[in-house]
Each structure stands twice: as structure tokens, then as C-alpha cells.
Amino acid sequence: MTEIRKATDGDAEGIRDAFLRSLREVCAKDHTPEEILAWGNRPQDEVRRLMDIQNEHVWVLEMDGRIEGFAHLHLSSIFGRRLGQVHGLYLTPKAIGRGYGKKLAALLIEEAKGYGAAEIRLESTLNAHAFYRGIGFQYDGDPTTAHLGSTVVRCIPM
């Protein structure tokens, strides 16, 4: 059975595991081993993940009782302007190519529209930018980098 649903507190470990699997099995095709190591070895603070589940917009893709992907949206208001920021949309290899990414993205977009967000931003991985362009996101500048400790991770602002 496959289901997309709002995340619950009990999903925190499954979200972490899906994230790490996506990094190691999907993102590793376009990112260096050093990038994957730094990205995947950030402190996976259980408390922070629970706070995100409780206070933000997090959905999970569950397939046969296992979390195989998730999406995370942060909404904010800056000087009265409402904004959405995608903090993550990750799928494991089992879920890729089956339309689940588009379904999760549609939930993010719908939630941001319902909030009245003027725009939705994200920092795409190198392997996901074509997916995001395909669903309507546009490049927002040249590829850039994020610093995770002493390691530079390449990303594409959209």
C-alpha cells in the first residue's frame, strides 16, 4: 500500500532514513563523495526534526509501511510579504519515476498558495533541478554553494 500523508512525530526516524538513502543512492550520482559525506553527516537532531513535523508542513510518502520520501515546506512573512521555502523534497530510488515527486511538490505548492505566498524558493540539488523546472520553477541566479562545515556543497537556486 502507498500513501502520501502529513508527517507525525513517529515518522522522524523514517524521514531521516529516507533522506540519507536519497543522498547516498540518488544525489551521489551528481555530487562528490565529499559533498555527500558532509551533507549526510550533519547532526540529524531528533528534536529539530520533531519541531519541523509539529510546526511546519511536512508530508511523507509511505510505501509498504516504510517511508520512501518526504517533502518539507517552511512558510514565513517578511515585511508583510508571505514566502514559501522548500526545505526538502527527497525520494528513495524505490519511489523515483513513479509520479510521487510531482504529487509531493503539488502539496507544497498548494499549501504555499493557500498561505498567500508571493513566491516559493528552494535550493535544488544538482540532480533535481530538471525536475523542478519541469513543474514550473525557474532558475534564480547562477549555481551557488552552501558550506557544511569545511565542505562546499553545490546547489541551484530556484
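Because only heavy atoms are used, hydrogens play no part in the values below, and waters and symmetry mates are left out as well, while side chains stay in. Quick caveat, the model's predicted, so the values are computed rather than measured.
- Looking at every heavy atom in both residues, Glu25 comes nearest to Pro93 through OE1-CG, 3.3 Å.
- Between Phe131 and Lys102, some side-chain heavy-atom pair lies under the 4.5 Å cut-off.
- Leu23 contributes atom CG, which lies 11.0 Å from atom CD of Glu35 (distance to the nearest 0.5 angstrom).
- Annotation: side chain of Met158 is not in contact with side chain of Arg121 (no heavy-atom distance under 4.5 Å).
- In this structure, CD in Glu111 is found 10.5 Å from CD1 in Ile120, a value given to the nearest 0.5 Å.
- Grouping the Ile, Leu, Val, Met, Phe, Trp and Tyr side chains by contacts below 4.5 angstrom, directly or via other members, places Tyr132 with Ile109.
- Looking at Val26 and Leu91, their side chains never come closer than 4.5 Å, going by heavy atoms from C-beta outward.
- Under the 3.5 Å distance criterion, the side-chain polar atoms of Asp11 are matched with a main-chain donor or acceptor of Thr8.
- A salt bridge links Glu119 to Arg81: one of the charged nitrogens lies within less than 4.0 Å of a carboxylate oxygen.
- A pairwise comparison of heavy atoms in Leu73 and Ala112 identifies CD2-N, 3.9 Å as the closest pair.
- Put simply, the side chain of Val47 reaches to within 4.5 Å of the side chain of Met51, judged on heavy atoms.
- The hydrophobic cluster containing Leu89 also contains Met63, counting ILVMFWY residues as joined when their side-chain heavy atoms lie under 4.5 angstrom apart, directly or transitively.
- Side-chain contacts under 4.5 Å among hydrophobic residues (ILVMFWY), followed directly or transitively, place Leu50 with no other residue at all.
- A pairwise comparison of heavy atoms in Ala117 and Gly84 identifies CB-N, 3.9 Å as the closest pair.
- Thr151 is not listed as a side-chain neighbour of Leu37, based on a closest heavy-atom distance of 4.5 Å or more.
- Residue Phe79 is found in a hydrophobic cluster whose other members, listed by chain and number, are Ile78, Leu83; membership requires side-chain heavy atoms under 4.5 Å apart, directly or through intermediates.
- For Lys113, the NZ atom is loosely surrounded, since the number of other residues' heavy atoms within 6.0 Å does not exceed 12.
- No side-chain donor from either of His57 and Tyr115 sits under 3.5 Å from a side-chain acceptor of the other.
- Residues Tyr100 and Thr2 meet the side-chain proximity criterion, which asks for heavy atoms closer than 4.5 Å.
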Run the numbers on Gln85 and Leu75 for side-chain contact (heavy atoms from CB on, under 4.5 Å), then give the verdict.
CA-CA 6 Å; Gln85 177 75 34; Leu75 298 173; over 6 Å; no
side-chain contact (heavy atoms from CB on, under 4.5 Å) assessment of Cys155 paired with Thr145:
CA-CA 6 Å; Cys155 55; Thr145 57; 5.9 Å; no
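- Residue Leu108 is not grouped with residue Val58 when hydrophobic side chains (ILVMFWY) are merged at heavy-atom distances under 4.5 angstrom, including chains of intermediate members.
- Counting only residues at least two apart or on different chains, the side chain to side chain donor-acceptor pair (under 3.5 Å) pairs with a member in residues 59-72 are Arg5-Glu62, Arg21-Glu68, Glu56-His72, Asp64-Lys94, Glu68-Thr92.
- Between the CD1 atom in Ile156 and the CG atom in Asn127 there is a gap of 9.0 Å [rounded to 0.5 Å].
- Considering only heavy atoms from C-beta on, Ile15 comes within 4.5 Å of Ile53 through its side chain.
- Nearest heavy atoms, Leu20 versus Gly40: CD2-O, 3.4 Å.
- For the residue pair Pro143 and Pro157, the shortest heavy atom distance occurs at CA-CD, 4.2 Å.
- Side-chain atoms of Arg98 and Lys103, non-hydrogen and from C-beta on, never get closer than 4.5 Å to each other.
- To the nearest 0.5 Å, the span separating CG on Leu61 from CG on Leu104 amounts to 6.0 Å.
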Run Val86 and His74 through side-chain contact (heavy atoms from CB on, under 4.5 Å) and show every step you take.
CA-CA 6 Å; Val86 176; His74 172 75; over 6 Å; no
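- In this structure, Glu13 places its CD atom where only 12 or fewer heavy-atom neighbours from other residues, nucleotides or ligands lie under 6.0 Å away.
- Ring pair Tyr90/Trp39 is perpendicular by interplanar angle, where above 60° counts as perpendicular and below 30° as parallel.
- Once rounded to the nearest 0.5 Å, the distance linking CG of Asp30 with CZ of Arg154 reads 8.0 Å.
- Within a 6.0 Å radius of CD in Gln138, other residues, nucleotides and ligands contribute 12 heavy atoms or fewer.
- Linking Ile, Leu, Val, Met, Phe, Trp and Tyr residues whenever their side-chain heavy atoms come within less than 4.5 Å places Leu126 and Ile135 in a single cluster.
- Grouping the Ile, Leu, Val, Met, Phe, Trp and Tyr side chains by contacts below 4.5 angstrom, directly or via other members, places Val60 apart from Ile4.
- To the nearest 0.5 Å, the span separating CD1 on Ile96 from OG on Ser22 amounts to 6.0 Å.
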